[in-house]
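What follows is a single structure, written as structure tokens, with notes after it.
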Amino acid sequence: MASSSSSSSKRRRSYDVFLSFRGTDVRNYFLGHLYTALVQSGINTYMDSEDLNKGEQISPALMEAIEESQIAIVVFSKDYASSPWCLEEVAKIMECKEQRGLMVFPVFYKVEPREVRGQRQGYAYAEAMVKHEVKFGKDSDKVKRWKKALLDAGSLSGWHFIDGYVKSLLLLQIV
């Protein structure tokens with residue numbers, strides 16, 4: 001029995017870094033620079049290149065990419081929580097952190113960490129979660145899982161970023 005648990009703990013890692021982000025907010029600006037800097041530094045980085053349309057499901061390959069990564073960088077931006085797919089990603093990331101020791105680094109891009117953690121009324125994250133509660137039910141396990149993932153990820157030490165580039169600081173921390 002010990003050999004089966006040791007073989008699962010030695011799971012092959014396909015990526016050094018998995019990037020979780022809301023494409024419409026950051027893909028062509030901040031994230032593009034971060035991705036380029038990571039790749040140029042020799043860091044094998046997963047960045048989903050396609051925006052999912054309404055009604056599409058997250059592919060199992062995307063969930064596997066999270067599982068097969070050593071580090072996840074979650075770029076919390078204004079509209080991150082409005083995307084069920086982003087919320088599924090962060091929930092999976094936090095599950096992998098707990099179960100497999102995935103290292104998670106949050107970047108708070110033009111949002112306050114307390115907004116992500118608390119989803120307080122009057123903020124974009126709170127408004128997004130209310131919409132999800134209406135759609136899926138206030139007591140939905142899915143919404144509860146998403147809220148817990150946001151609280152847990154938003155409570156991690158990370159980078160609060162308003163303007164400019166943070167890629168150099170991130171690279172120093174990752175490498």
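Note that the structure is predicted; figures quoted are calculated from it, not measured.
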Distance in Å, Met94 CE paired with Leu151 CG, rounded so as to fall on 0.5 Å steps: 9.0 Å
Pair His160-Val111, side chain to side chain contact (heavy atoms under 4.5 Å, CB included): steps then yes or no: CA-CA 8 Å; His160 186 200; Val111 296; over 6 Å; no
Any Trp85 side-chain heavy atom under 4.5 Å of Leu62 side chain: no
Minimum heavy-atom distance between Ile66 and Cys96, given as atom pair plus value: CG2-SG, 4.1 Å
Shortest non-hydrogen separation from Phe18 to Ser69 and the atoms involved: CB-OG, 3.4 Å
Pair Glu133 + Lys147, salt bridge at N-O below 4.0 Å: yes
Nearest-0.5 Å distance, CD of residue Glu127 to CG of residue Asp79: 10.0 Å
Check against side chain to side chain contact (heavy atoms under 4.5 Å, CB included), Trp146 and Val90: CA-CA 8 Å; Trp146 292 345; Val90 74; 6.0 Å; no
Minimum heavy-atom distance between Cys86 and Arg22, given as atom pair plus value: SG-CA, 3.9 Å
Heavy-atom closest contact (Leu31 atom, Met47 atom, distance): CD2-SD, 3.3 Å
Reported CG-to-CD distance for the pair Asp152 and Glu95, which is rounded to 0.5 angstrom: 12.5 Å
Nearest-0.5 Å distance, CZ of residue Phe136 to NZ of residue Lys144: 15.0 Å
Shortest non-hydrogen contact from Ile71 toward Phe105: CG2-CD1, 3.4 Å
Side-chain heavy atoms of Lys135 within contact of His132, under 4.5 Å: no
Connected via hydrophobic side-chain network under 4.5 Å: Val116 and Val130: no
Side chain to side chain contact (heavy atoms under 4.5 Å, CB included) assessment of Leu34 paired with Leu19: CA-CA 10 Å; Leu34 175 60; Leu19 297 174; 4.1 Å; yes
Gap separating the CD atom of Glu68 from the CG atom of Asp16, nearest 0.5 angstrom: 12.5 Å
Side-chain (Ser140) to main-chain (Lys142) donor-acceptor, under 3.5 angstrom: yes
Aromatic plane relationship, Phe108 with Phe76 - under 30° parallel, 30 to 60° tilted, over 60° perpendicular: parallel
Under 3.5 Å: donor-acceptor pair, side chain of Thr45, backbone of Ile43: yes
Arg145/Asp141 ion pair, N-O < 4.0 Å: no
Side chain to side chain contact (heavy atoms under 4.5 Å, CB included) assessment of Val104 paired with Ile73: CA-CA 6 Å; Val104 180; Ile73 298 175; over 6 Å; no
Close side-chain approach of Asn44 and Val17, heavy atoms under 4.5 Å: no
CG on Leu150 to CE on Met129, rounded to 0.5 Å: 5.5 Å
Side-chain donor/acceptor of Arg117 to backbone N/O of Gly154, under 3.5 Å: yes
Carboxylate-amine/guanidinium contact Glu89 Lys92, below 4.0 Å: no
For the student: nearest non-hydrogen atoms of Ala149 and Ala91, plus distance: CB-CA, 3.6 Å
Within-4.5 Å side-chain heavy-atom neighbours: Lys78 and Lys110: no
Tyr80 side chain to Ser20 side chain, donor-acceptor N/O pair below 3.5 angstrom: yes
